**Q** 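Please see the structure below; I have some questions.
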Amino acid sequence: MERRTIGAGALAVGAVGLGCMPMSWAYSTSRQRGDESLRAVHRALDLGSTLLDTADMYGPFTNELLLGRVLKERRSDAFVSTKVGLLVGEQHIVANGRPGYVRRACDASLRRLQTDVIDLYQLHRADPEVPVEETWGAMAELVRAGKVRALGFCAVGARGGRRSGNRLYDATIRQLRRIQQVFPVSAVEAELSVWSPEALDTLLPWCETRGIGFLAAMPLGNGFLTGTLTPGQGFERDDMRARHPRFTAEMMAANQPIVVGLRRIAARHGDHVTPAQVALAWTLAQGRHVIPVPGTKHERWVIENAAAARLRLSPQDLAEVAGLPGAQGSWE
């Protein structure tokens with residue numbers, strides 16, 4: 001697989017990563033199978049999808065434990081990205097950016113992952129009660145201690161208080177400017193897909209001009225852009241799509257033209273090319289610093305996603321994607 005680099009340290013990873021969250025968090029608990037997830041991770045590494053993206057809150061903790069079973073055998077094959085800064089309660093999630101907590105959380109993640117070093121340690125959310133410079137400084141100490149190789153910052157949760165247009169990531173960029181003064185940011189993770197392209201306006205260019213890698217979260221639109229979901233199919237209560245405004249039966253039907261457009265482009269590239277691969281190829285085409293991180297717990301989708309790294313979209317294809325209707329059903 002094509003290799004891409006993250007940050008000024010030129011950390012090399014496969015062009016398509018693997019989001020591990022669905023293996024133990026947020027998507028249909030009844031369909032989670034440990035053995036199947038392990039096969040998916042092993043196949044990803046076999047195919048060159050070396051970036052494994054997890055977090056201590058996924059499960060919580062069980063996602064890191066699962067990956068630790070693979071890393072115990074194949075640490076040299078993997079690039080491990082995990083996150084800190086969120087605590088999961090019974091009915092709530094809260095941020096914790098206190099330096100002492102960050103240090104303890106890192107040691108716990110290292111134990112669960114069965115590794116001596118985390119390749120990319122990301123701040124999942126900034127704690128509004130703690131200056132972000134203090135949290136970032138504690139994370140920088142972990143780099144100096146040899147427990148972490150590089151630091152990243154997540155902007156995935158912008159939906160909670162999102163504003164429209166190119167001002168969506170203003171607050172994130174202000175935080176990034178502040179923490180850059182403390183220690184270099186190697187990567188930013190944020191949502192980017194055909195139906196959620198907002199990061200293209202300001203956040204993606206900001207990263208590119210500074211040599212910062214961009215991890216594209218949810219590049220398949222939580223599964224919608226794969227074309228495998230049916231409007232009105234329903235989701236389990238613990239599946240986050242059951243509460244997602246774009247996954248009501250009405251909105252899924254209204255957004256079908258996006259999938260139809262992706263399927264039309266796929267057909268021009270061959271009978272075996274899928275809408276999901278076109279969506280991932282579009283994400284890859286947004287810059288050499290962009291690494292899509294599609295989440296899955298199934299080996300068959302790992303294989304399909306990895307193959308997207310070989311798909312090259314033409315200027316006509318990219319123009320056609322740009323002309324697709326915007327997604328209906330927002331978080332506002």
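What you see is a predicted model, and the numbers here were worked out from it, not measured in a lab. All residue numbers in this chain count up from 1 along the given sequence.
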**Q** When rounded to the nearest 0.5 angstrom, what distance separates CD in Glu36 from OG1 in Thr296?
**A**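 Between atom CD of Glu36 and atom OG1 of Thr296 there are 8.0 Å.
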**Q** Where do Leu51 and Leu120 land on the side-chain contact (heavy atoms from CB on, under 4.5 Å) test, with the steps shown first?
**A** CA-CA 10 Å; Leu51 192 155; Leu120 180 67; 5.6 Å; no
**Q** Quick one: closest heavy-atom pair of Ile291 and Gly14, and the distance?
**A**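 Minimum heavy-atom separation between Ile291 and Gly14: CG2-O, 3.8 Å.
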**Q** What are the two closest non-hydrogen atoms of Glu191 and Tyr169, and how far apart are they?
**A**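 Looking at all heavy atoms of both residues, the shortest contact is O-OH, 4.0 Å.
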**Q** Examine Met218 and Leu220 and state if one hydrophobic cluster contains both, with Ile, Leu, Val, Met, Phe, Trp and Tyr joined whenever side-chain heavy atoms are less than 4.5 Å apart.
**A**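 In one cluster with Met218: Leu220, no.
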**Q** Verify the cluster assignment for Tyr121 and Phe61: are they in a single hydrophobic cluster under the rule of side-chain heavy atoms below 4.5 Å apart?
**A**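 No, Tyr121 does not connect to Phe61 through the hydrophobic network.
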**Q** Look at the side chain of Arg111 and the backbone N and O of Gln114, then say whether any donor-acceptor pair between them is shorter than 3.5 Å.
**A**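 Looks like no, no N/O pair under 3.5 Å.
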**Q** Is it true that Leu215 and Val13 fall in one hydrophobic cluster, defined by side-chain heavy atoms closer than 4.5 Å?
**A**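 Same cluster: Leu215 reaches Val13 through Ile, Leu, Val, Met, Phe, Trp or Tyr contacts under 4.5 Å.
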**Q** Drop me the distance from Arg263's CZ to Arg268's CZ, to the nearest 0.5 angstrom.
**A**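 Spacing of CZ (Arg263) from CZ (Arg268) equals 14.5 Å.
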**Q** Side-chain contact, heavy-atom cut-off 4.5 Å: Cys154 with Gln122?
**A**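 A side-chain contact under 4.5 Å exists here.
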**Q** Quick one: do Asp317 and Arg312 make a salt bridge, cutoff under 4.0 Å?
**A**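 Here Asp317 does not pair with Arg312 in a salt bridge, since their nearest N and O are not under 4.0 Å apart.
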**Q** Is the side chain of Asn255 donor-acceptor paired with the backbone N or O of Gln328 at a distance under 3.5 Å, no angle test?
**A**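 Here the side-chain-to-backbone pair exists.
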**Q** How close do Ala15 and Pro292 get, counting heavy atoms only, and between which atoms?
**A**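 Ala15 and Pro292 have their closest heavy atoms at O-CD, 3.2 Å.
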**Q** Taking the basic N atoms (NZ, or NE/NH1/NH2) and the acidic carboxylate oxygens, is any pair closer than 4.0 Å for Arg39 and Asp46?
**A**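 No.
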**Q** Check whether any side-chain heavy atom of Thr172 lies under 4.5 Å from a side-chain heavy atom of Leu176, and answer yes or no.
**A**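 Yes, close enough: below the 4.5 Å cut-off.
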**Q** Considering only heavy atoms from C-beta outward, does the side chain of Phe183 approach that of Glu133 to under 4.5 Å?
**A**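 SC-SC contact between Phe183 and Glu133 ruled out.
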**Q** Should we count NE2 of His92 as having more than 12 external heavy atoms under 6.0 Å?
**A**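 Enclosed.
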**Q** Do Met21 and Ile93 belong to the same hydrophobic cluster, where Ile, Leu, Val, Met, Phe, Trp and Tyr are linked whenever their side-chain heavy atoms lie under 4.5 Å apart, directly or via other members?
**A**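 Result: yes, single cluster for both.
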**Q** Just distance, no hydrogens or angles: give the donor-acceptor pairs under 3.5 Å from side chains in residues 275-288, sequence neighbours left out.
**A**
{"unit_1": "Gln277", "atom_1": "OE1", "unit_2": "Thr274", "atom_2": "N", "d": "3.1"}
{"unit_1": "Gln277", "atom_1": "NE2", "unit_2": "Glu304", "atom_2": "O", "d": "3.0"}
{"unit_1": "Thr283", "atom_1": "OG1", "unit_2": "Ala279", "atom_2": "O", "d": "3.0"}
{"unit_1": "Gln286", "atom_1": "NE2", "unit_2": "Trp282", "atom_2": "O", "d": "2.8"}
{"unit_1": "Arg288", "atom_1": "NH1", "unit_2": "Glu2", "atom_2": "OE2", "d": "2.3"}

**Q** May I ask you to check whether Arg246 and Ser196 show a side-chain donor-acceptor distance below 3.5 Å?
**A**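 A pair is found: one side chain offers a donor N or O, the other an acceptor, under 3.5 Å apart.
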**Q** Quick check for you: to the nearest 0.5 Å, what is the distance between Thr115 atom OG1 and Lys147 atom NZ?
**A**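 The NZ atom of Lys147 is 13.0 Å from OG1 of Thr115, to the nearest 0.5 Å.
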**Q** Do Arg241 and Met252 have side-chain heavy atoms sitting under 4.5 Å apart?
**A**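 Heavy-atom side-chain distance check fails, nothing below 4.5 Å.
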**Q** Please report the shortest heavy-atom distance between Thr50 and Asp77, naming the atom on each side.
**A**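 Closest pair (atom of Thr50, atom of Asp77, distance): CG2-O, 3.4 Å.
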**Q** Show every donor-acceptor pair shorter than 3.5 Å between a side-chain atom in residues 96-103 and any protein atom, with sequence neighbours excluded, or say none if there are none.
**A**
{"unit_1": "Asn96", "atom_1": "OD1", "unit_2": "Arg98", "atom_2": "N", "d": "3.1"}
{"unit_1": "Arg103", "atom_1": "NH1", "unit_2": "Glu141", "atom_2": "OE1", "d": "3.4"}

**Q** Take Cys20 and Leu66 through the test side-chain contact (heavy atoms from CB on, under 4.5 Å) and record every step on the way to the result.
**A** CA-CA 10 Å; Cys20 299; Leu66 185 147; over 6 Å; no
**Q** Can you name the side chain to side chain donor-acceptor pair (under 3.5 Å) partners of Thr228, sequence neighbours left out?
**A**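 So Thr228 forms a side chain to side chain donor-acceptor pair (under 3.5 Å) with Thr226.
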**Q** With a 4.5 Å cut-off on side-chain heavy atoms, are Gln175 and Phe153 touching?
**A**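 Yes - at least one pair of side-chain heavy atoms lies under 4.5 Å apart.
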**Q** Using every non-hydrogen atom in the two residues, find where Arg149 and Leu11 come nearest and quote the distance to one decimal.
**A**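 Closest pair (atom of Arg149, atom of Leu11, distance): NH2-CD2, 3.1 Å.
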**Q** For Phe247, check ring-ring contact (aromatic ring centres under 6.0 Å, His included) against everything at least two apart and list the hits.
**A**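 Phe247 satisfies ring-ring contact (aromatic ring centres under 6.0 Å, His included) with Trp195, Phe235, His244 once adjacent residues are dropped.
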**Q** Is there side-chain contact between Phe214 and Leu203, with at least one heavy-atom pair below 4.5 Å?
**A**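 Phe214 vs Leu203: side chains touch.
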**Q** Verify side-chain contact (heavy atoms from CB on, under 4.5 Å) between Cys106 and Ile118, making sure each step is shown before the conclusion.
**A** CA-CA 9 Å; Cys106 179; Ile118 294 165; 4.2 Å; yes
**Q** Kindly state each residue pair satisfying salt bridge (charged side-chain N to carboxylate O under 4.0 Å, His left out) with at least one member in residues 207-229, sequence neighbours excluded.
**A**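 Those involving residues 207-229 do not exist here.
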**Q** Is there any salt bridge (charged side-chain N to carboxylate O under 4.0 Å, His left out) pair reaching into residues 50-60, and which pairs are they, with sequence neighbours excluded?
**A**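 Output for this query lists Asp53-Lys83.
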**Q** Contact between Ile173 and Thr202 at the side-chain level, heavy atoms closer than 4.5 Å - yes or no?
**A**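 Contact flag for Ile173/Thr202 side chains = yes.
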**Q** If we count only N and O atoms by modelled type, under 3.5 Å, do the side chains of Thr54 and Glu64 hold a donor and an acceptor together?
**A**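 Distance-only check fails for Thr54 and Glu64.
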**Q** Answer with yes or no whether the hydrophobic clustering places Trp301 together with Leu45; edges join I, L, V, M, F, W, Y residues whose side-chain heavy atoms lie under 4.5 Å apart.
**A**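 In one cluster: no.
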**Q** Any idea which heavy atoms bring Ala95 and Leu86 closest together, and the distance?
**A**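 Nearest pair, atom of Ala95 first, then Leu86: CA-CD2, 3.9 Å.
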**Q** Just so I know, are the side chains of Ile265 and His269 near enough to count as touching, which here means a heavy-atom distance under 4.5 Å?
**A**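 In short, these two side chains touch, coming nearer than 4.5 Å.
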**Q** Let's go through Leu123 and Val132 carefully: what are the C-alpha distance in whole Å and the side-chain angles of both, what is the deciding distance for side-chain contact (heavy atoms from CB on, under 4.5 Å) to 0.1 Å, and is it a yes or a no?
**A** CA-CA 10 Å; Leu123 180 57; Val132 69; 4.1 Å; yes
